[in-house]
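Chain letters run A, B, ... following the sequence lines, proteins first, then strands; residues in each count from 1. When reading the values below, keep in mind they use all heavy atoms of this one structure, side chains included, and skip hydrogens, waters and symmetry mates.
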Amino acid sequence: MNYWLIKSEPDAFSIDDLSNRPNQTEAWDGVRNYQARNMMRDQMQIGDQAFFYHSSCKVPAIVGIVEVVSQAYADPSQFDPNSKYYDAKSTKDNPRWQLVDFKLVKKFTQIIPLSSIKADPRLNDMPLVKKGSRLSIMPISAQHWQILTGN
DNA sequence: GCCAACGTTGGC
DNA sequence: GCCAACGTTGGC
């Protein structure tokens, strides 16, 4: 079982949007970064847990927990010319981009702001707080997960 | 809106 | 295969 953190801009897709989806589940489309894709494709397993993180907003923060509920499969948006995620160089025989489905597990009543993550020395080596870390999907160690969830 | 840090692109 | 130019991310 692995732990992750996935970023989303709440203006584009927030945890409340996820909460309103059928089955509170969403196909995590639009990831167009090879490192992030590789983690979904090669390492994510059904049952993995992930923090849902709001980025590029007033209070960047971990706002809840989601769970991986599918294996990786081809991101349909790469084949859709009307999608902003369309990739003309990707073919159905050899799709370039993959995704997984995430299901809402819990929306925090108390969010964990980036500022308090940064203020905790035990969390200093989290990828999230490393300088220049822009990955939209990153791994979280079990230890960090426990600290952040208070378990 | 600024800007640092990255990733990608494309000419050579 | 190098690397400058460009685009994007995302905190502040």
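- Distance CD1 (A/I137) to P (B/dC6): 19 Å, rounded to an integer number of Å.
- Backbone-only contact: A/K118 has heavy atoms under 4.0 Å from sugar-phosphate atoms and none from a base.
- A distance-only check finds no donor-acceptor pair linking the side chain of A/K118 to the backbone of A/V129 [under 3.5 Å].
- In this entry the distance linking CD of A/E9 with P of C/dT9 reads 7 Å, nearest Å.
- Rounded to a whole Å, the NZ atom of A/K7 is 6 Å from the P atom of C/dG11.
- If you measure from atom CD1 of A/I62 to atom P of C/dG10, you get 14 Å, rounded to the nearest angstrom.
- Between A/K131 atom NZ and C/dC12 atom P there is a gap of 14 Å when expressed in whole angstrom units.
- Look at CD on A/Q35: it is 13 Å from C1' on B/dA5, rounded to the nearest Å.
- Between A/R32 atom CZ and C/dT9 atom C1' the separation is 16 Å, expressed in whole Å.
- Remark: A/Y53 is not in phosphate contact with C/dT9, judged by side-chain N or O atoms under 4.0 Å from OP1 or OP2.
- Side chains of A/P60 and A/H54 form no contact here, defined as non-hydrogen atoms less than 4.5 Å apart.
- Between the CE atom of A/M138 and the C1' atom of C/dT9 there is a distance of 11 Å, rounded to whole Å.
- Under the 4.5 Å side-chain heavy-atom criterion for ILVMFWY residues, a single connected hydrophobic cluster contains both A/I6 and A/V59.
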Exercise. Do A/D75 and A/R32 pass the salt bridge (charged side-chain N to carboxylate O under 4.0 Å, His left out) test, and can you show the C-alpha distance, the side-chain angles, and the key distance before you say yes or no?
Worked result: CA-CA 10 Å; A/D75 180 343; A/R32 293 294 179 268; 3.0 Å; yes
